[in-house]
Amino acid sequence: MQLRKHLFRTTSVVIVLAALACVVYSLSLPMGSLASPGAGMWPFLVSCGMGIAALVTLVTEKDASAYEPLSKRTWIIVAGFGLMIAFIFAFSAVGLTLSCLALTIVWLRWMAHESWAVTLILGVGLTALFVVGFDILLGVPMPNDILLNIITGRGF
């Protein structure tokens, strides 16, 4: 019975362990400096923040009264996390445009239950915003983008 009473702490422990693993991995990447961050800087900072927040929660929470019980909504959140993993693989395979458009449409239509009009307008608008912001304005190196190459006449 004592184990069941403290089962809500499992999530915090899992997040602390995941953050620790991410910190260790980020330390294997070049850190750079705050003025010129390397590949490991942001993962390191985010992992530290995530780990500290989970530790604070682990230490300060006394009971499970503030937590939402497992429900259908819980599985939608798990599915959303799975969609983000699928986005990462799609991003590497087909580029930002198609993966962002697909993720946004699925997320808005299936998870947020938006109308098709809102879904398509926001899906195309947010995808365009990300492409312009990251690829064009910021010049972030991106994998080969199939749709963007077709639109710009560069082929596949």
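None of the values given here were measured: they were computed from a predicted structure.
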Practice item. List the steps and the verdict of side-chain contact (heavy atoms from CB on, under 4.5 Å) for Leu58 and Val13. Key: CA-CA 7 Å; Leu58 185 64; Val13 171; 3.9 Å; yes

Review point. Any donor-acceptor pair under 3.5 Å linking the side chain of Arg9 with the backbone of Glu61?
Key: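 Checking the backbone N and O of Glu61 against the side chain of Arg9, a donor-acceptor pair under 3.5 Å is found.
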
Enter the distance from [X]:[atom1] to [Y]:[atom2] here, rounded to the nearest 0.5 Å.
X	Y	atom1	atom2	answer
Leu55	Thr60	CG	OG1	10.5 Å
Leu122	Ser115	CG	OG	9.0 Å
Leu108	Ile121	CG	CD1	11.5 Å
Glu114	Leu120	CD	CG	11.5 Å
Ser92	Phe89	OG	CZ	8.0 Å

List the atom of [X], the atom of [Y], and the distance in Å for their closest heavy-atom pair.
X	Y	value
Pro43	Ser47	O-OG, 2.6 Å
Ile15	Met50	CG2-CG, 3.7 Å
Ala54	Val16	CB-CG2, 3.6 Å
Ile76	Met111	O-CE, 3.2 Å

Practice item. Evaluate side-chain contact (heavy atoms from CB on, under 4.5 Å) for Trp107 paired with Met84, printing each intermediate quantity in order. Key: CA-CA 10 Å; Trp107 205 298; Met84 292 303 295; 3.5 Å; yes

Review point. Can you name the one residue among Leu96, Leu147, Leu101 that meets side chain to side chain contact (heavy atoms under 4.5 Å, CB included) with Val131?
Key: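 That would be Leu96; it is the only one of Leu96, Leu147, Leu101 passing the side chain to side chain contact (heavy atoms under 4.5 Å, CB included) with Val131.
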
Exercise for review: State, with a plain yes or no, whether a side-chain heavy atom of Cys100 is found less than 4.5 Å away from one of Phe87.
Suggested key: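 Cys100 vs Phe87: side chains touch.
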
Exercise for review: Could you tell me whether the side chain of Trp116 reaches within less than 4.5 Å of the side chain of Ile105, counting heavy atoms only?
Suggested key: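 Ile105 vs Trp116: side chains touch.
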
Check your understanding: Does CH2 in Trp110 sit with more than 12 non-hydrogen atoms of other residues, nucleotides or ligands closer than 6.0 Å?
Key ->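 Enclosed.
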
Exercise for review: Output all residues satisfying ring-ring contact (aromatic ring centres under 6.0 Å, His included) with Phe130, sequence neighbours left out; order by chain, then residue number.
Suggested key: Phe134

Exercise for review: Take Trp75 and Val78, measure what side-chain contact (heavy atoms from CB on, under 4.5 Å) needs, and give me the verdict at the end.
Suggested key: CA-CA 5 Å; Trp75 296 112; Val78 171; 4.0 Å; yes

Treating Ile, Leu, Val, Met, Phe, Trp and Tyr as nodes and any side-chain heavy-atom pair under 4.5 angstrom as an edge, say whether [X] and [Y] lie in one connected cluster.
X	Y	result
Val59	Ile52	no
Trp42	Leu34	yes
Leu138	Phe91	yes

Acceptor/donor pairs from residues 19-28 side chains to any protein atom, 3.5 angstrom cut, sequence neighbours excluded:
{"from": "Ser26", "atom 1": "OG", "to": "Cys22", "atom 2": "O", "distance (Å)": "3.2"}
{"from": "Ser26", "atom 1": "OG", "to": "Val23", "atom 2": "O", "distance (Å)": "2.8"}
{"from": "Ser28", "atom 1": "OG", "to": "Tyr25", "atom 2": "O", "distance (Å)": "2.5"}

